[in-house]
Amino acid sequence: MTGPVAFVTGGASGIGRATVLRLAGDGFRVIAADRDGDKLDALIGEAPAGGVETCVLDVCDRPAVAAAIAAPERLDALVCVAGIYQPRAFDAISDADFRAMLDVNLIGVFIAAQEAARRMTAGARIVTVSSRAAIGGTNFAHYVASKAGVVGLTRAMAMELRPRQIAVNSVAPGFTDTPMTRTMPPDQYARAQELELGGKAADPADIAGAIAFLASPATHFITGQTLFVDGGKSLGGLGL
Ligand code: NAP
């Protein structure tokens, strides 16, 4: 691969997919990693010719992630999008539920970021995807905890990687129209949309735009930040 290279986990669906297409359009050569090869194959048809490669892996599988991240001759940006969501009342969350959530949403980010940071050079960027849920939410306490963990991890990595001029930031999406949120029953989805800016969920491309900004080398003075892309809902005081 020639030119800047970006590695995107969760690249086959929703926000990750939009990010892959956006970064490819911005001139990155993009490696889209996900656990479903068929979804990745479908993505290739929509990407600029030769702009996207795919890689089937599970972000919890350290050897697979290490090999995939070591493969390209350079690595300019890592974007950690892969995540799972499981609505469940606090009282009904099992230890296994909680551990599975942390495995993918937090330890999966840690593994990819650590492998990437080991080979990145000055000017490279790491962008994590947390969530507005990092500030709280009901009926998914394990998801909230995992995303608050991503915000903390992002800040800690930013501090340690700062001397090497590798910036680490997070994008915290609000309610976004993706296959993940479309698993909600339609009436619940409609009610959730009503609370959003303009009465609509964000488009994955809205989130990808913020990710692309933070993945760009131009943002070298921004690090350790979490950019909420949620129509202002995280501000509170909106009568919601
Ligand atoms: P999505 O459409 O389900 O996309 C997530 C992708 O990550 C899927 O292709 C999924 O594969 C993949 N993935 C899950 N676990 C993986 C693993 N262990 N290894 C590799 N890939 C894995 O969801 P999305 O809405 O775009 O969400 C993307 C990210 O944004 C997530 O971190 C999510 O928490 C965050 N987020 C989303 C929203 C929202 O409203 N949509 C809001 C805030 C934050 P499978 O389909 O096989 O699971």
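Ligands are counted one by one from 1 in listed order, and the atoms in each one are counted from 1 as well.
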J.: Hey, which atoms in ligand 1 end up nearer than 4.0 Å to a heavy atom of V129?
T.: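 The list of qualifying atoms is 29 (C), 30 (O), 35 (C).
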J.: Geometry only, no angles: is S131 polar-contacting ligand 1 at N/O separations under 3.5 Å?
T.: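 Between S131 and ligand 1, no N or O pair is found under 3.5 Å apart.
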J.: Is the count of non-hydrogen atoms from other residues, nucleotides or ligands lying under 6.0 Å from R164 atom CZ greater than 12?
T.: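 Check passes, neighbour count above 12.
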J.: For the residue pair P173 and I15, what are the closest heavy atoms and their distance?
T.: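 So the minimum-distance heavy-atom pair works out to CG-CD1, 4.0 Å.
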J.: Does only the side chain of A33 get under 4.0 Å from ligand 1, or the backbone, or both, or neither? Count heavy atoms.
T.: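 The answer is neither.
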J.: Would D36 count as a contact residue for ligand 1, given that I'm defining contact as a non-hydrogen atom of the residue lying under 4.0 Å from a ligand atom?
T.: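 No heavy atom of D36 comes that close to ligand 1.
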J.: Do P217 and T219 have side-chain heavy atoms sitting under 4.5 Å apart?
T.: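 No, every pair of side-chain atoms sits at 4.5 Å or beyond.
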J.: Tell me whether V104 has any N or O atom under 3.5 angstrom from an N or O of ligand 1.
T.: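 Between V104 and ligand 1 (N or O atoms, distance only) the closest approach is not under 3.5 Å.
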J.: Mind running side-chain contact (heavy atoms from CB on, under 4.5 Å) on V8 and V30 for me, showing each step along the way?
T.: CA-CA 7 Å; V8 181; V30 186; 3.9 Å; yes
J.: How far is atom 26 (O) of ligand 1 from its nearest protein heavy atom, and which residue and atom is that?
T.: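 Heavy-atom neighbour on the protein nearest atom 26 (O) of ligand 1: I15 N, 2.8 Å.
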J.: S130: heavy atom below 4.0 Å from ligand 1, yes or no?
T.: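 Yes, that is the case, since the closest heavy atom of the residue is under 4.0 Å from the ligand.
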J.: Within the distance-only criterion (no hydrogens, no angle test), does the side chain of N105 pair as donor or acceptor with the backbone N or O of S146 below 3.5 angstrom?
T.: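 Pair absent, no side-chain N/O of N105 close to backbone of S146.
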J.: Work out which heavy atom in L75 is nearest to a heavy atom in M120; give both atom names and the distance.
T.: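 What the structure gives for the nearest pair is O-CG, 3.8 Å.
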J.: For the pair Y85 and F140, name the ring-plane relationship: parallel under 30°, tilted 30 to 60°, perpendicular over 60°.
T.: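 Correct class here is perpendicular.
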J.: For atom 34 (O) of ligand 1, grab the closest protein heavy atom and report residue, atom and distance to one decimal in Å.
T.: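 That would be Y143 OH, 2.6 Å.
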J.: Going by heavy atoms in the side chains, are R17 and K39 under 4.5 Å from each other?
T.: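 Not touching, per the 4.5 Å side-chain cut-off.
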J.: Cation-pi check, R132 to F175: give yes when NZ or CZ is under 6.0 Å from the six-membered ring centre and within 45° of the ring axis, no otherwise.
T.: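 Geometry flag: not set, cation outside 6.0 Å or 45°.
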J.: Give me the atom names and distance for the closest heavy-atom approach of T178 to P204.
T.: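 Minimum heavy-atom separation between T178 and P204: CG2-CG, 4.0 Å.
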J.: Just checking, R29 and F7: is the charged tip under 6.0 Å from the six-membered ring centre and within 45° of the axis?
T.: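 Cation-pi check for R29 and F7: fails.
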J.: Check for a donor-acceptor pair, side chain of T154 on one end and backbone N or O of V150 on the other, with a separation under 3.5 Å.
T.: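 Yes.
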J.: Quick check: does I84 get an N/O under 3.5 Å from an N/O on ligand 1?
T.: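 It does not: no N or O of I84 is found under 3.5 Å from an N or O of ligand 1.
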J.: Nearest protein heavy-atom contact for atom 18 (N) of ligand 1: which residue, which atom, what distance?
T.: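 Ranked first by proximity to atom 18 (N) of ligand 1 is D58 OD1, 3.0 Å.
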J.: Only heavy atoms of P173, strictly under 4.0 Å: list the atoms of ligand 1 that pass.
T.: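 Those qualifying, in numeric order: 42 (C), 43 (C), 44 (C).
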J.: When you look for heavy atoms under 4.0 Å from ligand 1, do you find them on the side chain of Y85, its backbone, both, or neither?
T.: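 It is neither; nothing of Y85 touches ligand 1.
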J.: Which of the atoms in ligand 1, numbered in the order shown and given with their element, are less than 4.0 Å from a heavy-atom of F175?
T.: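 Those atoms are 40 (O).
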J.: Where is the nearest protein heavy atom to atom 40 (O) of ligand 1: which residue, which atom, and how far?
T.: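 The answer is T176 N, 2.8 Å.
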J.: Nearest to atom 25 (O) of ligand 1, what protein heavy atom do you find, and at what distance?
T.: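 The protein heavy atom lying closest is T178 OG1, 2.5 Å.
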J.: Which residue owns the protein heavy atom closest to atom 21 (N) of ligand 1, what's the atom, and how far is it?
T.: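 Among all protein heavy atoms, the one nearest atom 21 (N) of ligand 1 is D34 OD1, 3.5 Å.
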J.: Show the numbers, then the answer: is there a side-chain contact (heavy atoms from CB on, under 4.5 Å) between T181 and T176?
T.: CA-CA 7 Å; T181 47; T176 306; 5.7 Å; no
J.: If I apply the N/O under 3.5 Å rule, does N105 come out as touching ligand 1?
T.: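 Such a contact does not occur with ligand 1.
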J.: Check each heavy atom of R17 against ligand 1 and say whether those closer than 4.0 Å belong to the side chain, the backbone, both or neither.
T.: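 For R17, there is no contact with ligand 1 at all, from either part.
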J.: Report, in ascending order of atom number, the atoms of ligand 1 lying under 4.0 Å from any heavy atom of S13.
T.: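 Checking each atom against S13, I get 1 (P), 2 (O), 4 (O), 8 (C), 9 (O), 26 (O).
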J.: Under 4.0 Å from a heavy atom of G10: which atoms of ligand 1 are those, numbered in the order shown and with their elements?
T.: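 Once the distances to G10 are compared, the set is 6 (C), 7 (O).
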J.: Report, in ascending order of atom number, the atoms of ligand 1 lying under 4.0 Å from any heavy atom of G14.
T.: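 Matching atoms, with element in brackets: 2 (O), 26 (O).
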J.: In this structure, would I111 and L78 fall into the same cluster of hydrophobic residues linked by side-chain contacts under 4.5 Å?
T.: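 Same cluster: I111 reaches L78 through Ile, Leu, Val, Met, Phe, Trp or Tyr contacts under 4.5 Å.
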J.: For ligand 1, is there an N or O atom under 3.5 Å from any N or O atom of V59?
T.: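 Right, the criterion is met.
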J.: Would the distance check show the side chain of R119 and the main-chain N or O of I69 forming a donor-acceptor pair, the cut-off being under 3.5 Å?
T.: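 Such a contact is found between R119 side chain and I69 backbone.
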J.: Run the numbers for me: atoms of ligand 1, each under 4.0 Å from some heavy atom of P179, listed by number.
T.: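 Taking each heavy atom of P179 in turn, ligand 1 has 2 (O) under 4.0 Å.
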J.: Give me the nearest non-hydrogen protein atom to atom 42 (C) of ligand 1 as residue plus atom name, then the distance to 0.1 Å.
T.: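 Scanning the protein heavy atoms, the shortest distance from atom 42 (C) of ligand 1 goes to G174 O, 3.2 Å.
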J.: Is the closest heavy-atom distance from C80 to ligand 1 below 4.0 Å?
T.: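 No, C80 has no heavy atoms under 4.0 Å from ligand 1.
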J.: Determine whether any heavy atom of L57 lies closer than 4.0 Å to an atom of ligand 1.
T.: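 True for this residue.
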J.: Examine distances only and state if a side-chain atom of Q193 and a backbone atom of A201 form a donor-acceptor pair shorter than 3.5 Å.
T.: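 Yes, the answer is positive, given that a donor and an acceptor are paired below the 3.5 Å cut-off.
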J.: Give me the residue, atom name and distance of the protein heavy atom closest to atom 48 (O) of ligand 1.
T.: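 Checking every protein heavy atom, the shortest distance to atom 48 (O) of ligand 1 gives R35 NH2, 2.8 Å.
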J.: For atom 3 (O) of ligand 1, tell me which residue out of M184, M180, R182 has the closest non-hydrogen atom.
T.: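 Nearest option to atom 3 (O) of ligand 1, by heavy atoms: M180.
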J.: Can you see which heavy atom on V5 is nearest to which on R74, and at what distance?
T.: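 Answer, listing the atom of V5 first, then R74: CB-O, 3.4 Å.
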J.: Quick one, V104 with V59, criterion side-chain contact (heavy atoms from CB on, under 4.5 Å). Give me CA distance, side-chain angles, the key distance, then yes/no.
T.: CA-CA 7 Å; V104 178; V59 291; 4.2 Å; yes
J.: Looking only at distance, does K147 have an N or O less than 3.5 Å from an N or O of ligand 1?
T.: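 Min N/O separation from ligand 1 is below 3.5 Å for K147.
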J.: Mark up the atoms of ligand 1 that fall under 4.0 Å of a heavy atom belonging to V81, in ascending order.
T.: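 That gives atoms 28 (C), 29 (C), 31 (C), 32 (O) of ligand 1.
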J.: Give yes or no for whether the N/O distance cutoff of 3.5 Å, strictly under, is met between T181 and ligand 1.
T.: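 No, T181 has no N/O under 3.5 Å of an N/O on ligand 1.
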